[in-house]
Structures are given as C-alpha cells and as structure tokens.
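Hydrogens, waters and symmetry mates play no part in the numbers below; they use all other heavy atoms, side chains included.
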Amino acid sequence: MRDILRSPTGLIGTILLTLVFVASVFGPFIAPYDPQMFHAASRLQGPSADFWLGTDQYGRDLMSRLLHGAPATVSFGLGATALGVGAGSIIGVIAGVAGGRTDGVIMRILDGMLAMPELLFTLLIVTFLGGGTTQAMLAVAVTFTPGMARIARSAVLSVRTREYVLAAQARGETQSWIVLREVLPNAIGPIIVEATIRVSFAIMIGATLGFLGLGAQPPSTEWGLMVAEARQFMFRNPWCVVVPGLAIAITAMGFNLFGDALRDAFDPRKGHG
Amino acid sequence: MSLAYLLRRLGSIVIVLAIVTVAVFGITMILPGNAAIMILGEHATPEALAAMERQLGLDRPLAVQYLSWLGGVLQGDFGMSLRLSLPVSQVVGAAFWNSAALALVALVAVTVISIPIGAIAAIRRGTGWDLGIGVLSYVGTAMPEFVTATILLVLFASPDWPVLPAGGFVAPTEDFGAFLTHVTLPAATLGLIMMAHISRQVRSEMADVLQSDFVRAARLKGLAERRVIWRHALPNSLAPAVAVISLDIGYVLGGIIVVEEIFAWPGLGRLLIYALQNRDLPVIQAVTLLLAVVYALSNLLADLVIAWLDPRVRYA
Amino acid sequence: MKSLTDRPVLQVTNYSMGYATDAGDIPALRDVSLSIRRGETHALVGESGSGKSTLAWAIMRYLPGNAREGAGAILLSGEDMIGMPRRDLERLRGRRAAMVFQDPSAALNPTMTLGDQVVEVLMRHRDMTPDAARAEAEAALARTGIRDPARIMKRYPHEASGGEKQRVVIATAFACNPELIIFDEPTTALDILTARQILELFVRLREETGVAALYISHDLGLVGRIADRVSVIHKGEIVESGPVAQVLTAPAHAYTRSLLAAVPRPANRIALPAPQGAPVLMRIENINVRYGEPGWLTRLLDPSASAHAGAADVTLDVRRGELLGIVGESGSGKSTIARAATGLNVFEGRITFDGRDFTGRAALDRRYRRDVQIVFQHPDASLNPRQSIGGILARPLRLYNLVPRAQIAGRVRELLEMVLLPPEFATRYPHQLSGGQKQRVAIARAFAAEPKLVICDEITAALDVSVQAAVARLLVGLQQKTGAACVFITHDLNLIRQLAHRIAVMQAGRLVDLFPVEEAESPARHPYTRALLDAVPLPAELQTEPQPEPEGAP
Amino acid sequence: QNGPRQGGTLRISHSTRIATLNVLSLSGPAEYPCIDMIYSGLTRIGFDNLPHPDLATSWEASDDATEFTFFLREGVTFHDGSPFTADDVVATYEAILNTDIPAAARSSLNMIESVEAVDDLTVRFHLSTPFADLPVSTAHANARILSRAALEGPISNLDTQANGTGPFRLETYDSARLVRLVRNENYYIPGLPHLDAVEMLLYPDLAAETANFLSGATDVMLTVQQADYARIAAAAGIEAKRVSSGRYACVVMRQDQEPWNDVRVRKALALATDRDLLVDVILEGLGRPAYDSIVAPELEFATEKPAIPYDPAAARALLAEAGYPDGLKVRLIASDRPAIRVQTAIALQQTAAAGGFDIEIETMPHDTYLANVWMKGAFYIGYWGMQPTVDATYNLLLTSDASYEDTNWKNAEFDALIAEGRATVDPAARAEIYARAQAMELEDTPYIVPFFEDVLTANRDTTEMWEVAPMTRWFYIENVWLDRT
Ligand SMILES: Nc1ncnc2c1ncn2[C@@H]1O[C@H](COP(=O)(O)OP(=O)(O)OP(=O)(O)O)[C@@H](O)[C@H]1O
Ligand SMILES: Nc1ncnc2c1ncn2[C@@H]1O[C@H](COP(=O)(O)OP(=O)(O)OP(=O)(O)O)[C@@H](O)[C@H]1O
Ligand SMILES: [Mg+2]
Ligand SMILES: [Mg+2]
C-alpha cells in the first residue's frame, strides 16, 4: 500500500476513490434535498447558492441526485466485476489446472464468447434479460467472464511451470494443495489488478447501458441515466449533462489509476529498475 | 507465417462464428416480445398479431427458422428485415459502409496522432510532455463515449455558435467537405478513447524497448538518435502495441454503437439499436454476425501486421 | 615524454561514481584507475555486482539517468571523454570505441536482418554507399569465420544460432577498426563449444587488428589464457592489478586469492571417495520422453511434423552413495531425464528404484517421491515467494510425516544449520535472501525428506563462482552425512570432474558416454566427450595450489 | 398580391423511420404524411375534424345508418395510369376486413359486413350494426384506396412500392435516409399540387434535425419537441406552429383489481394530480390540462369538462374514507417509449405524494410492456393519439367490447348510449346522447387524464400553407407552396 501511495498515479487514484467511496457511503445522508423533489420554479439552472451544482429539467437538485446515485453506480461496478471476476477466475483456474481436453473445450467456448465485441455482447444479453439494473449487472458480469477466465488461466499457467510448483509436484503433493497453496496465492496478483481496472469498465458500461435506456430506469439516479435524461436539455443547461458525466469519468479514472499503481506495485521488474 | 497457420486461424474463426450464430439466434429468439407486437404496437388485435406473425414466419418451429436462416446466410441471403421492408443485406450493407467510413477516419487519424504521441512520451519520460500525455490518456480512457460525445457537442455544436454539425451523415461520395465536417465529432469521440489506449500502449512498450539491450547496443554503435528511435526502438514497440490494439478493436466496435446513436450516424451501431428496440431479428442477427466477423478478421489482420512488424512471429 | 604510439588507448584515472536510489546514493566505482595500450588485452575480473559493467558503461559514456559521477578522468587516446559533447560521442561510439555484450540475442534488434545491423554502422561511420557497405559487411562477417556470410546477412536474429549472432556482434564491433573494444562477458550466454570458438575468434581478431581490449569476466581461469594484464575489482574498487601471470601466480590481495580458490580444478577433488562395489540404487532403462506431439490437423497439413525427442532410449544407473554427473551442451536432454525421474514428465520406459519397478509416471508413488528429491537451477524460482522459509522446510516433514508435529520447528532449525544458515531465517521470506542462500534453502528442503537420491539440475549455474564452490562443497558434505546418492547435472566440466564419481555425457537426447571420472582423459572417450573437454581446458596457468576455502564463507 | 407559386422541392425533416409504406398496417409518425400524399381515401378529415370528399364526391346513408352508398369521382387514375374504379374500393375494404392480413383500420371498420360495387363509380357498404360515423371511419388513415392489382400481388410489395391516386407519387424509397415524392401530373384537382417534389429526410437525432432546420437545410420540421419549441419559435425566419390536439397520456387503473376497484381511490388520485404542474414540466406549457375524459375537446359533441383542482388534502381524506388512512403504496408501470410515459409517471409520483400516494415507478422496455402489462396490469401509463369522433374514442377504449379495453370498466348503460349514438343520424339528438356518455365517464373516472398534448410543428416562413391536422394523419401537402425568390 505504501508503494501505491508513493507513486503519483496511486496517490491521485486513492484520493479519487476515497472521494467516491465517501460519496457512496454517506452521499444519501449528506444530500441537501430529496433527489426526486421537483423545484418547478428553478428548472434547468446553473449552480447557485441553493443548488450547488444546478438543477435538471424538473428542477431536481443535481448535487442531491449525484450523491444519491453514487451508491448505485459504484455498487454496480463492484458487483458486476465481483461476479464476472469470480466466475471467470473459477473457470480460468479450472481450465489452467486441468489442462488437456477440458482446457481445450473451455477455451473454445470462451473464444466464441470473446468473438463478439464487449458492448455488443452486453447489449444482446441485457435485451435478452429485459433491461434494468440487475439485468445490466448480470450482463456485464457475463461479458467479463470469458476475458477474466483467460487472464486467470494464463496467470495459473505462468505460475504452474515455476520451479517451486514443480518441486511440489515432484514431492507428490496433492492437486488441491498445489492449486490452493502454491499456484493461487501467486496467481492472484494479476487477477486482482485486472479486477480493479475492470471496475472502471463496468462502471462505464453500466452508465452506457443506462444511457441507452437498457440499464437503470427512471426515476433512478444512476449517473448514466442522468446524462441520458438531461441530454435533450444539454444546450439549455450544460451542467445537467456535464455533472454526472464527469462524476462517471472521475470514478472510472480513480479505479484506473489505482489499478495501474497496483500493477506497478506487483510488477516483479520494478525491483531491478 | 505458414499456410497451415493461416488455415488453422481461418478454421477456428469459422468454428467460433458457428458458435456465434447459434448463440445469437438462440438469444434473439428468446427475447421477450416479438416483432409482430412491435410493428403493430397498440393497434394489435389478436387476429392481427397472428396474421402478422404468419406473414413474418414467426410461427414456425425455432429449429426450422434457424436452419432456413442459416441456409440463407450461407448463400448470402439474410432474409427480409421485419421492420424496414427491405432485404437485410441491403439495409446492413449500406449501414456497414457508413460505419466503415467513420471507423476508418477515426482509425487513421488516431494512428497518425497517437503513435508519435506515445513515442514522444516514452522518449521524454518523466518530463512535462510525458505527464501531459499521461493525464490525457487517463482522462480519455475514463470517459465513456457518451460523456465525451456530449461534452464535445456542448462545446462545438451548441446551436448558438455551431462550429460543427451536431450530427447527421453526408456520404463522402456526395459531398466530401460536408462528410468531413459531419464525421469530425463522432470520429473525435471514438478517437479520443482509442488514442488514449494506443498512445499509452505505445508509450509503455517503447519505454521497455528503450531499456532493452539492443537499443543500448544501437546507441553504442554510434547510430544517430533518430535512427535509434525510428529504426530500432519504434518497430519493436509497435508489434506488442498492435497486439493490444487488436484486443481493443472489440471495444471500439462497441463504441461505434453508442457514437452512432448519439451522432445519428446511419451505421451498424444505430441499426443494431433500432433493430433491438424493434425486435427486428434478422437485422440483429446479421449485424451481430457481421460485427463478429469484422472483429475476428481484424484480429487476424492485426496478427498479420504483427507478423509483418516482427519477423520472429512470421514463421511461427 | 612517451611517444605518441606509446600513449595508452584508454586511460581511466581515479574515477568514482555511484547510483542514486530510493535508499540513498550507493557507490558503484571507487577511485578506479586503469590503462590499456594498443594491442593489449586487459581483463577485469570480479564477482557479480562488483561494478564491472558499470565501468564499461562509464567508459562508453552511456550511464543511466540515476548515475552520479564523482571525480576522475576517462581519456581515449588522450581525449577527454567525460566532457565530450553528445554529438561527438555519437560519432565516436562504434567508430573509435565499440562494445560486445554478454547476450548476443538481446543485443541484436529482432526486427532487423543481421546484415542490416552491420551495414548501418558502416554507412554511418565510414560514409559508405549501401552497396559498398553490404560488400564490406560480408567481408567483415567472413573474417569472423561465418560460413556463407551472404546468406546469414539476410537472416533475422532468431534464425541464427547463438554463435552466429555473437559473431555478427563481434564483426560489427570490429567493422570500423576501433581503437578500443570492450567485451562484457561475451561467452557466458553461449554453450561450451561455441564459447570456445568465440574465444578463439577474439584472440585471432585482436592479434590481426592490434586493438586495445577491455575484457570483462568473472572467470579467473579463462582470463589467464587470453589477457595480458588483469585488474581484480571488488565492491567497486580495484584491489589488485598487474600482468596476468603475476596476479594469478602470486596474488597479493586476499580477495584475489579467494577468487582463485573458487576456480574449479579437476585435480582439486572435493568428492567423497568413490563407494566401492556399492549396489545399484536406481536404474533407468530405455527412457523416452517426447515433446510437442503434433495434432491431427498439423499432421494432415505437414506430414513431416513429428514429436521432438527430449530423451531417446536412455539407460543409466545410479549406485548408492554415489555422485553421478550428467553433462552435455544446452538442449541435450539433461533436465528431461531429471524431470522424468522425478515424475514431472510423462515418460516411456522403466525405472527400477531400490528393488521396486515403475513403468510410467502414474506408477510413481509417494514413497518413491520421498526417496527421490530434486533441486532446481534458479534460486529465485524454486521457492514459493508467499511462504516463509520455515514453512517451506516444514512442508516435506508434514507431507511425509517424518517428525511429530511438536518437533517440526526444531527440525527446521536443524535443517537450516545443516545448510549453514542461521536459524532466524525460518521466519524470513525468499525475497529477503540472496541467491546462494535461497539455493541452500532449496537443498535443505530436498534433504528434509531424508531421501535416498537427490537430483541437482544445474544448481550452481545461476551463482557466482565463489558461491558456486561453497554450494558444491555443502552438497558433498550433506551427502557424506546422509549417505544419499546424487545426480548432478551441469555444463561445467571442470566442476563436475571435481565432484563426480562417474560422468554421463548426453547429446541430442541420447546418452553417448558414461565413464568413471579418472578415465576422463582416456583415449577411449567418445569424440563428443573429447570436444567438450577440449572446450574447457584446465586452468593450467594457475600453478600454485590455492589454499582451501573455509567452509561456507559467503 | 402573389398567389401560390408553382414548383420547388419541399424538404420535410423527421426523426422516426419510414419503415414501410404499407398503407394497411403502417403506424409511424413520419409514414402518415407519405401515404397522405401518395394515396387517397374515400373521405378525408379536414382541419375542422369533419369528413370531406376525397375519392368519393358524395355519400348517402340509409335512415337506420346500416347502409351507405358512396359516389366516386370520375376519371381518376392511379399513378401507373390504370383507371380507378369501384372494384378497387371493394378490393381494398375486403383486404382491410380479411383477418389474414394485418390491417390497422379493421378495428374502426369492423361493423362493415360487405362491400359491393353497384357500378363502376358507386360502392355500397352493408353494416352489421348501425353506424352514423362511417364517413369518418372511411377517412381512416389506413383505409386509403389501393388498386386491386396491387392487392393481388405479394403483400410485402406494398412495403416498398406504392401506386395510389394521391397528389404525389413515390420516386425514391430509402427507409434509412430519404423518401422522395414527385408531383402527380394527373391529380384529380387540376392545378394541384403546387410543389414539384417533396423529400422526407430522416434525421434520427433531434439535435441534428433542429440544427439543419435552423440553418435552412430543410423547410419543415414535421415534429418539434417541447423542449426545443421556444428556441425554434424564437428563431428568425421560422414559423413554429402549435395545434391543440386530443393526444394524451393517461393513468390506467384496472377496475377489477384492488385498490382501483374503489372509485374513491381513483378520485383521490385525480385530486392528487397537479395538472398545471404536469403541463408545465412535461409539456413545457405546450398543452392543456385535461380533466379525466379521453374525449378531445376539439371533437364534435365534446362537452366542456369541469376543472379538477389539485387538492392533496381532499385526496387524503378520500383515501382515508376508502380505507387507507395511512395512504396507499402502489407500483406504477411505465414503458420506456415514448419518454413522455416515464415523465408523466415521475411527475405524478411527485404530486401524488402529498395526496397520500406512495408511488413506486417501474420502467420497462416497450415490448415487455406490450406483452406483459398492457391491458393486463393494474396501474400503468397509457399514451393515445386523437381519434376522429367521440364514438371512435370510446369504442377504442371504454365500451365493454372496445378494441383495447384496458381498464375493464364495464357499464351496460354507457354501452347502450354509445350504440344509440352510432345509430342516430340527427346531430342534436347525438349531442344529447354523447353528453350523457361523457358525464358517466367523468363520474366513474376510469382513467386519470392529466393533459392533452399540443401537436408541434414548424416551417420556414418561405413555406406557405403548411398545416397539421390535430390528429396528425392528414396534411394536405398538395396545397403547400414555396415562396422562394
Ligand atoms: N541503474 C542502477 N541503479 C542503481 N544501482 C545500480 C544500477 N546499475 C547497477 N547498479 C548497482 O551497481 C552495482 C554494480 O553493478 P554492475 O552491473 O556494474 O555489476 P557487474 O559487476 O557488471 O555484475 P554482473 O557480473 O552481475 O554483470 C551493483 O550493486 C548493482 O546493483
Ligand atoms: N516442455 C517442453 N516442450 C517442448 N520441448 C521441450 C520442452 N522442454 C524441453 N524441450 C526440448 O527438449 C530438449 C531437451 O531439453 P532439456 O531441457 O532436457 O535440455 P538440457 O540439457 O537440460 O538443456 P539446458 O542445459 O539448457 O538446461 C531441448 O531441445 C528442448 O528444447
Ligand atoms: Mg555486468
Ligand atoms: Mg536444463
């Protein structure tokens, strides 16, 4: 962790993430207004003393909506990633450890899934599941699975040929010891790094789905949806699209920077400069 | 690159696409709601619905629908659009070229800009240049297309001082100047993200390569710095960068869906969204298949480019 | 005043420098002085990390960003190099001073043909037209003894052998008739036979051109045969410098002496007396290992595709208490045999161990695995970085139920002591240990199982010469204590002749020779064995018998 | 002064696709102007919402309104030159009534039992029930006359080919971009149309459409969004038009399900709906508050509806009376298309909260909605276009055998009134009957209808005579001319 804080990317990433997590834990409590409340007299306003970040087309306070949307947005990213990474890692580890025919079959299927561009695949699944936050989350998780499985598999494969694993095999250790104690602890690093960076993708895809009307549904305060709803009014009050848009960007950037710093901290080459 | 390798790659593409057809057909067929409902909307009465389903061939067993569809596809016939009263191949074909025009402009612009940018960042590592480019690439990767697009629209296409059109499409064959003004914002949106990815990739590869022994050796041979960079370092950083870019192509193809929707670009992405909303199954199937083919082929192409750049993989 | 021709080509005087790191500045070179004349070869010898390469970089004026130079001067034919502007340096490098690296595969640009990499230097420094440069490059390559230089020029680095690549690098270095050439361990990455040829090439070219050469090496034995003068560097300081014969025969400094002691010499046996009439412990019979069995599609497209034989029909036995050496050039199948015998590779054939028969990998049971232990080459990779040393050593104890639970900690301590490591190391993690220490832990882990046979696959290859000797001695000591037999795989013929009772020679997956160590010089040896032995001549110049090294110094 | 000028190409922009030109089944907003230009019906609704002659020059009804005779215009030809005869009318109506063919007009014309060509220029309709409004129904946008030849060919040809008798004929059909129509030289009204051609240009993005319109790249914006209206209206050289219409979003409350089976709950929600706020926020003021009747105020026989005040206190009291003293928690479903449904739900959620309704909104894709919620759900948002008559309005939704009978509001007395209205030819008597029907509707409040939305369109001021009828089905583009110098 100290390594991470020492690099500028890590530091900025950590600061941004702290901000985002504070917003998603305390946001709903510190929001000045009910996020759904209309202030019919002050529609589409820029920032003012009453409304720090301005209001949207119904005169709802953008800051309150932003703060209320934070938990949904962040937990979407985390949830989708956790599901996708979890499933992917399990599949990848199984493929990597089993090898041979099992590996071949699993990889073929994954190739099939990877043959579709990510967003396209997500779109198909989410349309199939029928829109909505949970569905979108599942869709993103399913989309992440094959890629994660590949990464987990290659992490396992690269560890599997290390000499300490060979030594364990030569010793006659059981398969489960080898997987759980020798391979996994050393393969988990790349998986965690990848997962962190994927959170930012998940958040962006989630927001994009919200934007396309396939994710969160009104009157949700999910940020992508906020942009979509306000787009019609973007020339009358740019704040109402820029504010949630930047919030998404900042969150994604936080996870990105943090993930990169994490990767550097894990990078074995670092020590040799 | 041996013929066997190429054949094997093409073979596996075919297998993968076969999986894709089944998956796509399966998914689209179990989508809730059907095209007949979407066409008739609230004017649907049960008889009208049944009649429409019959007319559209939706009342046949799934397997029959799949096989007849697949048979058609193999002969290049994707059937009729359920919604657009046109053969799917015609609808999708037109959209494909429009998308290709957009993607091509974006790709060319991005490649021309981002490779030198990444290289400069690596060469001037740790300077303001590097920092600036780094920040740009982080911001670029963290902004979903729809946010970038919206911000660009607010900045450049506000009706009060429209610098560029807010969207729409003019065919390059019709009026090339107008095509360029129309393509600028969507291409910039797509490009910003690609640029962030590519320049970052080039930067990190280049930074590694600059540390490598053969670059040292080149310098110690007394070669001019220009030659060291362009002849020794860059070609070696491009191949791994292209490998990563080829993975990004999927991301870009996804980005096209959003960008086209926002900028009203009549390409595959827009068509897909329209088809999804209207349950126009033949169009969904064709677009998905086409995108998968494009994706697979561009990956193959990327591999060929890598082989061209890196003799080590050429004969693998 | 000396005449102009007498002026040293390279003169380094009182040069110091260091590296800035997170932990503060660390000195890398201290007050180094050195001078080389035309036609002279000056060797620089020292252990890993002593600053040899740093000095080379400093001379070439190619230092990393964190280098901090102190006082001192570096003169090339009297010209000050330190103050030289960048443009001049660029023109000087490659023309007046050139360098040859350790690893030719890394020093060549993988995306350019070998020819282009020679040609570009000629065009740059000798203002040749492409065609002239091409012709000249071909001639330069021909001078290095490459057969068919025209064809080699069209190849890419990965299409050439290590020897060919190093020849190209050397040809490039000599292409502009430089005044000075620095060789930074040019043969360490090559296998024995090729290394030998490269060394001969070096000697020939130096004589032909009369270039001044700085030859960096960690191998005193080798240096004795090629250098005129030698400087011994230790922790950035030149501790001793002088004519080679003088330094080698009458070393003045203790560090030089310890370096000399570590040079393996067959005559200086450190093995136990050969076990007389000991019974056979393990017999491997007609072992075959195949790699890369081609798939049906490949076979269809390319009927000639076939599996690669890693080991072919190898038959071999190991006696109780014996140390059997296996030698052979890289890729000859040494590791393959080790991996088959420890159940890491699928194999065909039969292994008889301690009276029991095994006919395939699946048959190897836990008892067998306990009795046969293996130690690997890379100290960094052979310990799980996430487990403590104590945990690593305790594992075999637990796995084979060797000692009651309560005594495990005590036994771990004993094991550490056995390999001459302090017991506190039990709580450390692998990255906190040096390479030699890690290798000791790996050996301790193997002996923890109380095996009957330990297979050591190049366990000293990644270590410094001095550490290498200590590890070898430790192994023999342990063998003596436990009575275990040992299979010792290595490249280093001199080392194995110090250690082994019998030597097996492998070539291209086959066992070509097997003989008791005393018969190494016998004319009955296989020609391949002969070639290997010739490639590593005895360090004959070392006439004095060095003092024996106290056990486990570094 | 200068009268209509001849010539020029009118460029109309629209933002929804012209996915088909099949008159029988199309329903897209931009498809209607196309068929209005290409085809003619027997009758056509004017800007006064009354039926006018089109291919039929006149008609007469039997006294019991079960038999109608239409006299057709002479000398009319289809665009391909073939003559128009009574036989084409028969073929068209038979197709509309054929349940094997999807036809949107069937539900408005299903009282027709048979059609008969009396001679080449006379057709007679025999009805199964009396129906005084038949000339209105024959004006149905999807009941335009096709040639028998076209109907006997493959039905799918109708999607992309068009052979009508209207003022323009189809030249180019590209569903992704452009539909181009050119002047029919043989239009039955000599001298019309004024225009040489009309281009329907698809701008799938509103911003793009607006920008192009403002810059003069198009002449007419078929539909203007409420959010853009003020800005467009203020632009120089632009005439923005606002046409009061009977289009509305409504809250559907299923009468056979708790708690909506209790009229007090429905009335409470009516009182808890701030109609003025909704008109303001959702329609940007471009509409009128409505007071829970689905009958458009423009229609003949429509009555004036009493205003319902926003009175949350009264709503609470009424809820308490109905047995919900602590308020009521309900789930309101809104399809995602068009956006106005969700907007209505969100605004309703806000205003009804004060009246004791705790509304949770569920938004869903349109097809899921159509398949699972529409006509089944207990509480959801509907959205309907204006119908041509009171009879059509009620028969679409409220009578017991209505086509889309979504509230399950059954009232035999009401049904009888509507039936009686159909059979009554005398206007005064009909007015009386329909007034009673509307009163009954208001009394029971089967729907909350918070507002009527205006139809918004705009043209450059060089475009003369561009008008949109409230129902947005009839456009009379043959009268439009361009004043470009
Ligand atoms: N860029 C650097 N930054 C910090 N320390 C460095 C750097 N380069 C080398 N060092 C340190 O300087 C010392 C001398 O390194 P150098 O590479 O010269 O050793 P060497 O004698 O060539 O060793 P070897 O035989 O392993 O090649 C070592 O301790 C090394 O860790
Ligand atoms: N996993 C593998 N797959 C395919 N070929 C292999 C594999 N491992 C080894 N080989 C090949 O088998 C041959 C014998 O390899 P092996 O590792 O036994 O050689 P070695 O004598 O130990 O060499 P070194 O001295 O370099 O360690 C080599 O040609 C090698 O390339
Ligand atoms: Mg070195
Ligand atoms: Mg080996």
Around atom CH2 of A:Trp239, are there more than 12 heavy atoms from other residues, nucleotides or ligands closer than 6.0 Å?
no
Residues pairing under salt bridge (charged side-chain N to carboxylate O under 4.0 Å, His left out) where one sits in residues 232-257 of chain A, two or more places apart or in two chains, turn out to be A:Arg236-D:Glu284
Region of B:Ile262 in contact with chain A, defined by heavy-atom distances below 4.5 Å:
both
Given side chains that start at C-beta, do those of B:Leu153 and A:Arg231 come closer than 4.5 Å, heavy atoms only?
yes
Walk me through it: do B:Tyr138 and A:Asp260 pass the test side-chain contact (heavy atoms from CB on, under 4.5 Å)?
CA-CA 10 Å; B:Tyr138 269 114; A:Asp260 274 4; 2.4 Å; yes
Select, from A:Thr122, A:Leu119, A:Leu120, the one with the greatest count of heavy-atom pairs under 4.5 Å involving chain B.
A:Leu120
In terms of heavy-atom proximity below 4.5 Å to chain A, should B:Thr141 be classed as side chain, backbone, both, or neither?
both
Turns out that what part of A:Thr9 lies under 4.5 Å from chain B's heavy atoms comes down to side chain
Contacting moiety of A:Leu257, where chain B heavy atoms sit under 4.5 Å:
both
Separation between CD1 (B:Ile193) and CE (A:Met204), nearest 0.5 Å, reads 7.0 Å
Region of B:Val139 in contact with chain A, defined by heavy-atom distances below 4.5 Å:
both
Show me the donor-acceptor pairs, under 3.5 Å and distance only, between side chains in residues 240-252 of chain A and residues at least two apart or in other chains.
unit_1   : atom_1 : unit_2   : atom_2 : d
A:Thr251 : OG1    : A:Ala247 : O      : 2.8

Taking side chain as everything from C-beta outward and backbone as N, CA, C, O, which of these in A:Phe201 sits under 4.5 Å from a heavy atom of chain B? Side chain, backbone, both or neither.
side chain
Top contributor to chain A interface from B:Thr148, B:Leu17, B:Ile151, B:Val258 [non-hydrogen pairs under 4.5 Å]:
B:Val258
Heavy-atom closest contact (B:Pro144 atom, A:Thr208 atom, distance)
CB-OG1, 4.0 Å
Passing option when A:Leu123 is tested against B:Ile284, B:Thr288, B:Leu272 for side chain to side chain contact (heavy atoms under 4.5 Å, CB included)
B:Leu272
Interface check, chain A: of B:Val154, B:Leu253, B:Ile256, most non-hydrogen pairs under 4.5 Å belong to B:Val154
